[in-house]
J.: 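So that we are looking at the same thing, I have put the structure below in structure tokens.
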There are 2 protein chains.
Amino acid sequence: MAVTLADVAARAQVSSATVSRVLSGNYPVSEATRARVLRAVDELDYVLNGPASALAAATSDLVGILVNDIADPFFGIIASAVQSEIGGGQRGGSGEKLAVVCNTGGSPERELTYLTLLQRQRAAAVVLTGGAVEGPEHAAAVTAKLGRLAAAGTRVVLCGRPPAGEEPASAAVTLAFDNRGGAQRLTEHLLALGHRRIGYVTGPADRTTTRHRLEGHRAALATAGLLAGAEELTVHGSYDRASGYDAALELLRRRPDLTAIAAANDTIALGVCAALRDRGLRIPQDVSVAGFDDLPFSADAVPALTTVRLPLQAAGARAGRLAMGREATPPGGVATIRSDLMARASTAPPPEKA
Amino acid sequence: MAVTLADVAARAQVSSATVSRVLSGNYPVSEATRARVLRAVDELDYVLNGPASALAAATSDLVGILVNDIADPFFGIIASAVQSEIGGGQRGGSGEKLAVVCNTGGSPERELTYLTLLQRQRAAAVVLTGGAVEGPEHAAAVTAKLGRLAAAGTRVVLCGRPPAGEEPASAAVTLAFDNRGGAQRLTEHLLALGHRRIGYVTGPADRTTTRHRLEGHRAALATAGLLAGAEELTVHGSYDRASGYDAALELLRRRPDLTAIAAANDTIALGVCAALRDRGLRIPQDVSVAGFDDLPFSADAVPALTTVRLPLQAAGARAGRLAMGREATPPGGVATIRSDLMARASTAPPPEKA
DNA sequence: TCCGTCCCGGCAAGCGCTTTCCGTTGGCCG
DNA sequence: CGGCCAACGGAAAGCGCTTGCCGGGACGGA
């Protein structure tokens with residue numbers, strides 16, 4: 001059917017072994033032969049048969065990236081960075097890896113299914129992003145699966161996700177985001193401005209990311225002696241704008257006297273802003289709002305959103321390099337990616353007591 | 001190394017052929033045998049070797065999706081819809097396809113490279129999204145490549161992208177977005193409100209999408225006898241917010257008396273809004289703003305953005321079904337996806353003449 | 001001049017699966 | 001009760017590539 005290695009070999013007057021070696025480049029071939037082979041490849045418009053190659057070599061040039069939601073820029077930025085690092089269609093030559101972006105929708109089942117699918121493809125590496133769903137059964141299943149992948153030679157990188165099962169990094173390399181610290185600094189910033197009644201809008205309670213950010217927030221409150229009542233001021237939803245909108249209204253109902261709302265991510269924060277506006281409240285004059293992640297739109301929202309910057313692009317690129325085995329594993333298998341408070345216009349001192 | 005079909009066969013006391021048939025499901029196998037095989041699969045924790053399978057079957061279960069920018073929700077929504085349609089990690093059984101999302105960054109070279117990579121993987125289908133870069137050499141190269149893919153049995157679907165080379169659909173199925181009509185209706189809407197000096201901010205001039213939307217816009221202007229001066233009121237940039245911001249400032253410099261700005265997409269429109277605000281102009285009292293695409297954030301921007309809705313989710317799902325061969329090819333190989341004007345708060349009659 | 005080395009390239013054995021081609025068996029009809 | 005058909009399962013031939021092993025030639029040192 002299609003052109004095969006043998007066809008190229010015949011045309012270039014060499015054996016198929018030589019053609020293979022020219023293409024893979026990991027064996028000395030004289031310049032003359034190489035040129036002849038490459039010309040034949042060109043003339044015949046030959047394209048390597050990936051599956052055959054993967055079968056023989058026992059590894060494919062696929063790299064899987066698991067994300068909770070492709071349509072969310074948070075993951076899009078990471079995925080994009082990983083992709084351009086692992087090849088990105090630059091050369092098309094060998095060594096070029098193909099990114100398989102898998103949309104788990106945050107479901108542990110789909111996550112497992114995709115991991116199996118990637119295992120089936122003999123993926124060269126797998127990058128897991130986003131917080132994991134907590135719960136012993138899931139954690140154990142995922143850890144086991146990752147262990148099997150690693151055993152089969154697949155590199156495993158966790159990007160912005162705690163080590164599976166919270167135990168020492170197992171076979172995976174982990175780039176941990178400093179969610180706890182970032183959230184704590186954010187809340188400290190609000191406290192420093194003088195806020196005392198701070199609402200907190202976050203995502204599903206069973207996500208590690210959710211928990212870590214909440215812990216940071218609570219830690220800051222605890223230090224300020226404001227832990228009492230924190231429960232009432234916390235609303236769980238999902239990590240999207242609509243959820244933020246609803247949660248803000250709910251908070252306003254529970255505590256009409258709050259002066260600030262911190263959101264567990266920027267997208268939620270935008271929903272919160274919309275809700276406040278619809279209630280006729282000004283930001284930040286009446287209520288301060290803060291987000292998390294520092295997605296591109298946050299800087300030029302109106303007002304510019306105070307948030308915590310996570311260097312997603314850099315983290316993704318590093319994850320990509322780790323996946324390619326081009327960067328050394330950090331000591332202990334875990335590197336922490338620091339987060340930075342970005343104080344902007346959406347936070348200000350609370351209004352004077354009426 | 002890993003568990004193979006033969007191992008499973010041995011354990012289940014059948015031949016490897018039978019195991020293969022049970023797993024692929026396209027051959028009658030008695031219930032008893034099937035159960036025995038499945039148990040063995042389970043006990044041995046067997047995972048099919050994808051490459052080997054693809055080699056023998058001459059097709060893989062990979063589906064490529066080419067997008068200009070993963071981090072852009074426009075593409076994220078389409079990609080996500082395609083993915084959930086082609087498998088989405090639901091069952092993990094057979095028939096489950098894996099989506100390979102490729103980020104071309106709008107570069108024709110990378111597009112070609114990715115197509116080659118997908119061809120190498122013997123992808124079952126390829127979905128190209130977004131506007132194509134115009135220019136004879138690119139168009140020809142892409143058309144040729146798509147032809148070769150189709151010849152090799154890969155299904156090709158163009159989603160929101162004109163048929164390659166603008167000629168009859170070749171081997172590809174096309175879901176064409178009604179960019180021209182949508183843009184025309186949008187501008188008509190502005191004209192109907194009374195606007196006469198309408199700025200237009202768009203993307204790279206060499207993209208089909210850009211051209212089609214611009215043509216629709218111009219058609220409306222022509223009908224109103226306002227074509228003169230349209231050139232001066234048009235600014236090309238890229239499809240992002242920053243570009244929209246700059247372009248709006250540029251427009252304001254050229255024609256401080258304009259009363260409306262139409263953008264070629266919502267993201268640009270947001271940048272335009274930011275620029276207008278920074279210039280102290282109110283939307284829509286001083287200047288009306290309109291976008292295109294109706295991305296999720298547009299409905300609850302402040303003010304809610306008037307735009308043209310493109311049913312991206314539905315289009316992506318349909319593209320996914322076409323890629324799976326689960327939906328019949330539309331007559332002529334081309335189906336047009338209609339667009340709808342969403343008149344919202346960001347457009348209003350122009351201010352009274354001072 | 002002869003031999004040891006080093007390069008380079010060929011041979012051929014798989015990699016693990018799919019699928020064609022048959023053989024076997026049991027059920028059913030005549 | 002015999003023969004035929006349908007349904008099922010096995011044997012084996014590849015799919016196209018990689019790579020270990022080996023051989024031949026060129027070159028340099030002795």
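Lettering follows sequence order; numbering is per chain, from 1.
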J.: Atom CD of E31(B) and atom C1' of dG9(D): how far apart are they, to the nearest Å?
T.: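 To the nearest whole Å, that distance equals 15 Å.
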J.: Send over the distance from N49(A) CG to dT18(D) C1', rounded to a whole Å.
T.: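 From N49(A) CG to dT18(D) C1': 13 Å.
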J.: With a 3.5 Å cut-off and no angle check, do the side chains of Q83(A) and K97(A) form a donor-acceptor pair?
T.: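 Looking only at side-chain atoms, K97(A) and Q83(A) do not form any donor-acceptor pair under 3.5 Å.
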J.: So, is S53(B) close to the dT18(C) phosphate, meaning a side-chain N or O under 4.0 Å from OP1 or OP2?
T.: yes
J.: Tell me which residues in residues 32-41 of chain A put a heavy atom below 4.0 Å from DNA chain C, sorted by number, or none.
T.: T33(A)
J.: side-chain contact (heavy atoms from CB on, under 4.5 Å) with L112(B): which of T104(B), L117(B), V142(B)?
T.: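 Only match with L112(B) under side-chain contact (heavy atoms from CB on, under 4.5 Å): V142(B).
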J.: In whole Å, I'd like the distance from the CG atom of L48(B) to the C1' atom of dG16(C).
T.: 9 Å
J.: Are K145(B) and E109(B) close enough, and set up right, to give a salt bridge (Lys or Arg N to Asp or Glu O under 4.0 Å), and what steps lead you there?
T.: CA-CA 12 Å; K145(B) 183 57 103 179; E109(B) 291 76 28; over 6 Å; no
J.: How long is the gap from CZ on R122(B) to OG on S60(B), to the nearest 0.5 Å?
T.: 9.5 Å
J.: Walk along nucleotides 19-27 of chain C from 5' to 3' and tag each nucleotide B, S or - by protein heavy-atom contact under 4.0 Å, base first, then sugar-phosphate.
T.: BB-------
J.: Within the side chain of S20(B), is there an N or O that forms a donor-acceptor pair under 3.5 Å with the backbone of S16(B)?
T.: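 Not a single qualifying donor-acceptor pair exists.
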J.: L55(A) CG to dG16(D) C1': how many Å, rounded?
T.: 9 Å
J.: Within the side chain of R155(A), is there an N or O that forms a donor-acceptor pair under 3.5 Å with the backbone of A124(A)?
T.: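 Side chain of R155(A) to backbone of A124(A), a donor-acceptor pair under 3.5 Å: no, none is there.
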J.: Over how many whole Å does the gap from D61(B) atom CG to dT18(C) atom P extend?
T.: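 After rounding, the reported distance stands at 11 Å.
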J.: Report yes if at least one side-chain N or O of T4(B) is closer than 4.0 Å to OP1 or OP2 of dG16(C); otherwise report no.
T.: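 No.
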J.: Taking NZ, NE, NH1 and NH2 as the nitrogens, is one of them in R326(B) or E85(B) under 4.0 Å from a carboxylate oxygen of the other?
T.: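 Answer for the salt bridge query: yes.
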J.: Among residues at least two apart in sequence or on other chains, which ones pass side chain to side chain contact (heavy atoms under 4.5 Å, CB included) with E43(B)?
T.: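 E43(B): side chain to side chain contact (heavy atoms under 4.5 Å, CB included) contacts with R11(B), R39(B).
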J.: Kindly say whether G131(B) contributes a backbone atom to a donor-acceptor pair with the side chain of T208(B) at under 3.5 angstrom?
T.: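 A pair under 3.5 Å: no.
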J.: Taking atom P of dG10(C) as reference, at what distance in whole Å does atom CD of Q13(A) sit?
T.: 10 Å
